[in-house]
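Keep in mind that this is a model prediction, so the values were computed, not measured. In what follows, chains are A, B, ... by sequence order, proteins preceding strands, each numbered from 1.
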Amino acid sequence: MSAEIKSHLTDLLTQSLASVAPQTPASIIALERPKQAAHGDWACNVAMQLAKQLKRKPRELAQALIAGLPASPWLECAELAGPGFINLRLNPAAKLDAVRAALAAGVRYGRADTGHGRPVLLEFVSANPTGPLHVGHGRQAALGDAISALLQAQNWKVTREFYYNDAGAQIDNLALSVQARAREQRGEAVSFPESGYHGEYIREIAADYLAHNGDPGDLASVRRFAVAALRREQDEDLKAFGVKFDNYYLESSLYTDGKVEATVSALIASGKTYEHDGALWLRTTDYGDDKDRVMRKSDGSHTYFVPDVAYHVTKWQRGFAHAVNIQGSDHHGTVARVRAGLQALGEVTGAGIPRDYPDYVLHKMVTVMKGGEEVKLSKRAGSYVTLRDLIDEVGRDAVRFFLVSRKADTEFVFDIDLAKSQTEDNPVYYVQYAHARICSVLAQAGAQVQSAHTDGLAPLTLPRELALARRLGEFPEILADAARALAPHQVAFYLRELAGEFHSYYNAERILVADEGLKRARLALILAVRQVLQNGLSLLGVSAPEKM
RNA sequence: GUGCCCGUAGCUCAAUCGGAUAGAGCACCAGCCUUCUAAGCUGGGGGUUGUGGGUUCGAUCCCCGCCGGGCACGCCA
């Protein structure tokens, strides 16, 4: 395994350092993958970092460290380079070990145990049940599901949760909007609510409500019907997108369970609240917020801030010492607020919730372009592009791959025309195509695939073959890094590169050659590539088709 | 005005904990199908990393100023 090789190399350098500079702690030794292949398989910068401290020239120190390296069965050579880098080059056997590892581990290849089975709660999408899911929710769903999968692959016990804001003023607004449309459809003269939802879907729900013999005068009934209808629609959209949640948490339950009141009481007991202008405030500025927040309005109702805090308390109480919230960056203002609320509660409960709880992944907005113009994402205008639109037009795999192919904190320009007209240029097809090609070769090899032995890899000597093997060996590191950074785009880029190296190899060499030993070795290699492509695509929620 | 985030090739984006000559794709130009899938491959031109300083062996990355863009600044959610 690559991890074993890395620790083996670190070990060699540690031994050398101990003889060259006995007083120096070995913990400073770090290995990195050089960007350029010419710089070997691993590089170490320890000589430059220690040069000043040891009062020696970096290159001279590096040379001494190289000279002191013990013999190794995997190390081909160590070279001094640049200002004092030590470049380590692995021999073919070490590189090809990744092929053996990938085939031995199968679908588990790339996994690790950094999570140690600890529970972690991921909250994402959390759309209000006031309209269909839009593209921004899609980015969040794709990100959240991929991050969940990455953490699971590191042996975290992941719970995916969707929080429904089904208790606030926007739900009243929804009910009034549907009621007004229903009355219109009955031929009554009504004035549509000033801040009502203007989307076409409101009319559809109203018509459906009437078709089910609903009474437009019964607002509570309208409300229940509308919320149920929109939740159903959102569920269907998520299903079509391939995203499943383990739990749905309803904001309304925080009220019916008394958790909102309990939170208010506890915050008052914390001594961090005060009355002002008839409202109850929390001194969140004591915990880093830039202004104090109202908890209870002068009319006696609560601001959304209180159930938010109550909700996050339940995360902690439910045993999630780790929690990740995936949200649009337009909500970044809530981060300091929620954390401050939790800290204030800690004054009375002594819960010991960390100051940086929960963790946040904030993603920038998705700008949708169509016909060369921006489509405004306005729920009230009812003209935004829905997630369903995108899936229908572009395809599920492409949308998912595309949406996780960029860092979360960069703005996303999704050009629908481009995505539709250039479907063939979408990177997801490039990666999937590599997988399909391998499947095709394997199908022609037929029963010979069974004879692909990982103990006969020695015939693989071409630079392209060793580069592919080396790339396979990187996969576990990529997954560990991506999980640590909560950044699935790293996996997407890795897959693009792996697929590229495979296509290049495929075009240059023939797999099914006459030489039996070489053929078996090459079959083993592409079997391993296929496995890694499958594992990686699966983490991103993208299918790995056998034919295209 | 204050806070947070972003600024990299014509376009869309990478760049690990501060590493070596800043990389891909698209687009453009020139080639490759009698051969396991051409949704592919090979080669080429493309850059003062917004800008000015600082820190150091070394800065796209860290610190400060400025310019440009986004978001948030409510007893809305």
Side-chain angles (χ1 to χ4, degrees), chain A residues 30 32-36 38-39 43 45 47-49 51-52 57-59 81-85 87 128 130 165 167-171 173 195 251 276-281 289-291 293-305 307-308 328-336 362-365 367 402 405-407 409-415 418 422-434 436-445 477-478 480-482 484-485 487 489-490 492-493 496-497 499-500 502-513 522 526 547-548:
Chain A
E32 59 188 19
R33 296 273 193 181
K35 287 175 185 171
Q36 296 181 48
H39 293 152
N45 61 4
M48 288 175 290
Q49 297 193 325
K52 181 174 282 186
K57 290 179 181 174
R59 284 180 62 90
F85 286 100
N87 290 340
N128 297 338
T130 55
N165 292 103
Q170 80 279 5
I171 297 296
N173 200 11
S195 57
E251 180 190 5
H276 180 68
D277 287 344
L280 182 66
W281 297 69
D289 201 1
D290 44 14
K291 56 184 293 188
R293 304 294 168 178
V294 169
M295 296 166 54
R296 195 171 57 215
K297 298 182 254 182
S298 51
D299 69 359
S301 66
H302 301 290
T303 59
Y304 74 98
F305 165 65
D308 247 23
S329 64
D330 54 335
H331 286 80
H332 75 258
T334 66
V335 175
L362 299 178
H363 65 87
K364 289 278 178 70
M365 298 294 94
T367 304
F402 207 58
S405 290
R406 288 157 169 69
K407 282 187 298 193
D409 58 6
T410 57
E411 287 166 31
F412 202 120
V413 178
F414 202 121
D415 189 325
L418 194 70
Q422 300 200 340
T423 302
E424 296 176 352
D425 295 325
N426 196 305
V428 68
Y429 294 108
Y430 184 84
V431 177
Q432 289 181 320
Y433 185 51
R437 266 184 156 176
I438 293 173
C439 289
S440 178
V441 175
L442 293 175
Q444 289 181 48
E477 298 160 41
I478 295 291
D481 286 350
R484 180 182 47 74
H489 77 276
Q490 295 179 6
F493 277 92
R496 183 68 174 73
E497 286 171 17
F502 168 75
H503 284 310
S504 177
Y505 175 55
Y506 178 91
N507 273 276
E509 308 297 334
R510 205 178 157 76
I511 310 298
L512 304 175
V513 291
R522 287 183 171 177
I526 67 169
K547 287 182 181 175
M548 288 177 70

Using a 4.0 Å heavy-atom cut-off across all strands, classify [X] as base, sugar-phosphate, or nothing.
| X | result |
| --- | --- |
| A/Ala336 | nothing |
| A/His276 | base |
| A/Thr303 | sugar-phosphate |
| A/Arg296 | nothing |
| A/Asp290 | nothing |
| A/Asp308 | nothing |
| A/Phe305 | nothing |
| A/Ala51 | nothing |
| A/Ala443 | nothing |

Short side-chain to backbone donor-acceptor contact, [X] and [Y], under 3.5 Å:
| X | Y | result |
| --- | --- | --- |
| A/His503 | A/Tyr430 | yes |
| A/Arg406 | A/Glu411 | no |
| A/Gln170 | A/Asn165 | yes |
| A/Arg296 | A/Gly278 | no |
| A/Asp299 | A/Ser301 | yes |

Would you tell me if any nitrogen or oxygen in the side chain of [X] comes within less than 4.0 Å of OP1 or OP2 on [N]?
| X | N | value |
| --- | --- | --- |
| A/Arg437 | B/rA38 | yes |
| A/Lys291 | B/rG3 | no |
| A/Lys297 | B/rC76 | yes |
| A/Lys52 | B/rC57 | yes |
| A/Tyr430 | B/rC41 | yes |
| A/Lys407 | B/rA15 | yes |
| A/His489 | B/rA15 | yes |
| A/Arg484 | B/rC17 | yes |

Ignoring hydrogens and angles, does a donor from either the side chain of [X] or the base of [N] sit under 3.5 Å from an acceptor on the other?
| X | N | answer |
| --- | --- | --- |
| A/Asn87 | B/rA20 | yes |
| A/Tyr433 | B/rA39 | no |
| A/Ser298 | B/rC75 | yes |

Return the value, rounded to whole Å, for the distance between atom [atom1] of [X] and atom [atom2] of [N].
| X | N | atom1 | atom2 | answer |
| --- | --- | --- | --- | --- |
| A/Tyr304 | B/rA72 | OH | C1' | 10 Å |
| A/Arg522 | B/rC36 | CZ | P | 15 Å |
| A/Gln444 | B/rC36 | CD | C1' | 5 Å |
| A/Arg33 | B/rG18 | CZ | C1' | 20 Å |
| A/Arg406 | B/rA15 | CZ | C1' | 16 Å |
| A/Trp281 | B/rC75 | CH2 | C1' | 7 Å |
| A/Gln490 | B/rA24 | CD | P | 18 Å |
| A/Arg293 | B/rG74 | CZ | C1' | 9 Å |

Would you say [X] and [Y] make side-chain contact, with heavy atoms under 4.5 Å?
| X | Y | answer |
| --- | --- | --- |
| A/Tyr505 | A/Ile511 | yes |
| A/Phe305 | A/Val294 | no |
| A/Thr130 | A/Asn173 | no |
| A/Phe85 | A/Asn45 | yes |

Taking O4'-C1'-N9-C4 for purines and O4'-C1'-N1-C2 for pyrimidines, is B/rC33 syn (within 90° of 0) or anti?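 For B/rC33, whose glycosidic angle is within 90° of 0, the conformation is syn.
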Given [options], identify the nucleotide with an atom nearest to the side chain of [X].
| X | options | answer |
| --- | --- | --- |
| A/Asn45 | B/rC41, B/rA77, B/rG19 | B/rG19 |
| A/Val413 | B/rU35, B/rC13, B/rC57 | B/rC13 |
| A/His332 | B/rC71, B/rC57, B/rA15 | B/rC71 |
| A/Glu411 | B/rU16, B/rG69, B/rC36 | B/rG69 |

When rounded to the nearest Å, what value does the distance between [atom1] atoms of [N] and [M] take?
| N | M | atom1 | result |
| --- | --- | --- | --- |
| B/rG25 | B/rC67 | P | 38 Å |
| B/rA24 | B/rA14 | P | 16 Å |
| B/rA15 | B/rA22 | C1' | 7 Å |
| B/rG65 | B/rC11 | P | 29 Å |
| B/rG52 | B/rU8 | P | 16 Å |
| B/rG58 | B/rU21 | P | 13 Å |
| B/rC4 | B/rG47 | P | 35 Å |

For Watson-Crick and G-U wobble pairs within 3.5 Å on both distances, what is RNA chain B written in dot-bracket notation, | included for inter-strand pairing? (((((((..((((.....[...)))).(((((.......))))).....(((((..]....))))))))))))....
Need to verify one output field. Residue with the more 5' nearest nucleotide on RNA chain B, A/Gln49 or A/Val513?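 Upstream on the strand: A/Gln49.
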Map A/Asp330 and A/Phe85 onto RNA chain B by nearest heavy atom, then report which one ends up closer to the 5' terminus.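 Here A/Phe85 is the residue nearer the 5' end.
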Do A/His39 and the base of B/rA20 stack face to face, with centres under 5.5 Å apart and an angle between planes under 30°?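 A/His39 ring centre within cut-off of B/rA20 base, planes near parallel; stacks.
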Would you check if A/Phe493 stacks with the base of B/rA24, given a 5.5 Å centroid limit and a 30° plane limit, both strict?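 Ring-base stacking flag not set for A/Phe493 and B/rA24.
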Residues two or more places apart in sequence or in another chain: which of them pass salt bridge (charged side-chain N to carboxylate O under 4.0 Å, His left out) with A/Asp290?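 Counting only residues at least two positions away or on another chain, A/Asp290 forms a salt bridge (charged side-chain N to carboxylate O under 4.0 Å, His left out) with A/Arg293.
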Please list, pair by pair, any protein nitrogen or oxygen found under 3.5 Å from a nitrogen or oxygen in nucleotides 42-48 of chain B.
from   : atom 1 : to       : atom 2 : distance (Å)
B/rU42 : OP1    : A/Ser504 : OG     : 3.0

Please name the pair of heavy atoms, one in A/Gly328 and one in A/Leu362, separated by the smallest distance, quoted to 0.1 Å.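 Answer, listing the atom of A/Gly328 first, then A/Leu362: O-CD2, 4.1 Å.
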A/Phe502 and A/Tyr506 aromatic centres sub-6.0 Å: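 Under 6.0 Å, so yes.
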